[in-house]
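A short worksheet on the structure shown next.
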2 protein chains.
Amino acid sequence: MPEDRSNKVSCNNYRCEIELTLEIIGGKWKALILWELGNHGVIRFNEFQRYITEISQKMLTQQLRYLEKNKLITRKIYPVVPPMVEYSLTELGKKLIPILKEMDVWGKDYIFERDK
Amino acid sequence: MPEDRSNKVSCNNYRCEIELTLEIIGGKWKALILWELGNHGVIRFNEFQRYITEISQKMLTQQLRYLEKNKLITRKIYPVVPPMVEYSLTELGKKLIPILKEMDVWGKDYIFERDK
DNA sequence: CGGTATCCGGGTAGATACTG
DNA sequence: CAGTATCTACCCGGATACCG
């Protein structure tokens with residue numbers, strides 16, 4: 001799975017933790033997934049598809065696996081028929097939410113200031 | 001220049017300001033460039049190449065143009081020989097630095113917690 | 001319901017050469 | 001010094017089909 005760059009983080013200098021953080025929340029979907037989990041607490045797979053309507057099944061699965069592997073979310077499987085899977089934030093993942101909030105605030109201010 | 005996505009930000013819902021912010025600081029180099037500007041104040045083109053040794057000339061130019069176009073940095077040209085160009089943060093760009101700092105802090109904590 | 005597998009196009013980023 | 005120009009490789013993400 002090419003999504004998993006956790007072993008090839010290009011850390012050559014002291015600045016690399018920003019690069020690391022950006023690798024984890026970067027890309028088109030991961031921050032949005034974390035944001036929704038921050039808002040709703042627990043989300044099932046098909047609920048994600050309703051919250052983030054534009055995402056494909058493949059990308060959703062791929063990004064959820066990436067976030068799980070990097071310990072930002074947990075995946076809880078209920079052995080029922082039909083299958084039921086719930087996703088939620090880990091403690092590490094929860095610590096990211098304030099940063100996402102600030103990015104949201106900055107983005108709103110940016111639009112306002114840029115267009116003045 | 002395909003770097004410029006400012007006209008095709010995929011904003012369909014209320015969450016899109018995170019997406020917007022991520023488009024602006026996302027990718028491999030932009031956050032790093034802003035971070036260096038936050039540290040040093042004013043940076044010349046070839047100084048960037050010393051601070052961020054892995055970046056190619058092409059990508060540096062491309063990313064600087066993108067950031068300038070989106071009003072996060074200013075480009076000051078001195079009409080001298082040899083040419084001298086200085087880059088610095090705009091007010092909008094400066095507001096981004098605290099977020100980058102927090103991403104740096106989160107990244108360090110993440111490494112620590114993840115490996116426990 | 002919650003996934004996998006496979007194919008495919010387009011854009012990102014690298015290498016190299018050249019320039020005012 | 002501070003860039004352009006061009007050519008190329010790779011991989012991200014979309015579409016579609018299938019499965020336990």
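As the structure is a computational prediction, the values presented were derived from the model and not from experiment. Reminder, nothing fancy here: chain letters follow the sequence lines and each chain counts from 1.
If you check D/dA2, D/dG14, C/dG2 against the side chain of A/F45, the one that comes closest is C/dG2. With distances taken from any side-chain atom of B/T61 to the nucleotides D/dG3, D/dC1, D/dA17, the minimum falls on D/dG3. Out of D/dG13, D/dA2, D/dA17, the shortest distance to the side chain of B/R75 is found at D/dA2. Of the candidate nucleotides D/dG14, D/dC1, C/dA13, D/dG14 has the atom nearest to the side chain of A/S56. Of the candidates C/dG2, D/dA15, D/dG3, the closest approach to any side-chain atom of A/K58 belongs to D/dA15. Here the nucleotide nearest the side chain of B/W29, chosen from D/dC1, C/dG14, D/dG13, is C/dG14.
Rounded to whole Å, the distance from OH on A/Y87 to C1' on C/dG3 is 8 Å. Computed from coordinates, the B/L64 CG to D/dA2 C1' distance equals 11 Å when rounded to whole Å. Between A/Y66 atom OH and D/dC12 atom P the separation is 11 Å, expressed in whole Å. One atom, CZ of B/R65, and another, C1' of C/dA13, lie 17 Å apart when rounded to the nearest Å. When rounded to the nearest whole Å, the span between CD of B/E47 and P of D/dC1 equals 11 Å. Protein atom NZ of A/K76 is 15 Å distant from nucleotide atom P of C/dG2, rounded to whole Å. D/dC11 atom P lies 16 Å from atom CD of A/Q63, rounded to whole Å. Look at CD on A/Q57: it is 19 Å from P on C/dC7, rounded to the nearest Å.
Taking the side chain as every heavy atom from C-beta outward, A/L100 and A/I97 approach each other to under 4.5 Å.
Phosphate proximity of D/dG3 to B/R44: absent, as no side-chain N or O sits under 4.0 Å from OP1 or OP2.
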Taking it one step at a time, do B/E113 and B/K116 satisfy salt bridge (Lys or Arg N to Asp or Glu O under 4.0 Å)?
CA-CA 5 Å; B/E113 294 288 338; B/K116 270 206 303 203; 3.2 Å; yes

Mind running salt bridge (Lys or Arg N to Asp or Glu O under 4.0 Å) on B/E86 and B/R44 for me, showing each step along the way?
CA-CA 5 Å; B/E86 285 181 347; B/R44 295 178 57 181; 5.9 Å; no

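Two residues, A/P83 and A/G27, neighbour DNA chain D, and the one matched to the more 5' nucleotide by heavy-atom proximity is A/G27.
Cation-pi geometry between B/K76 and B/Y87 is not met: the NZ or CZ atom fails to fall both under 6.0 Å from the ring centre and inside 45° of the normal.
Annotation: the span from A/D115 atom CG to B/K71 atom NZ amounts to 7.0 Å, rounded to 0.5 Å.
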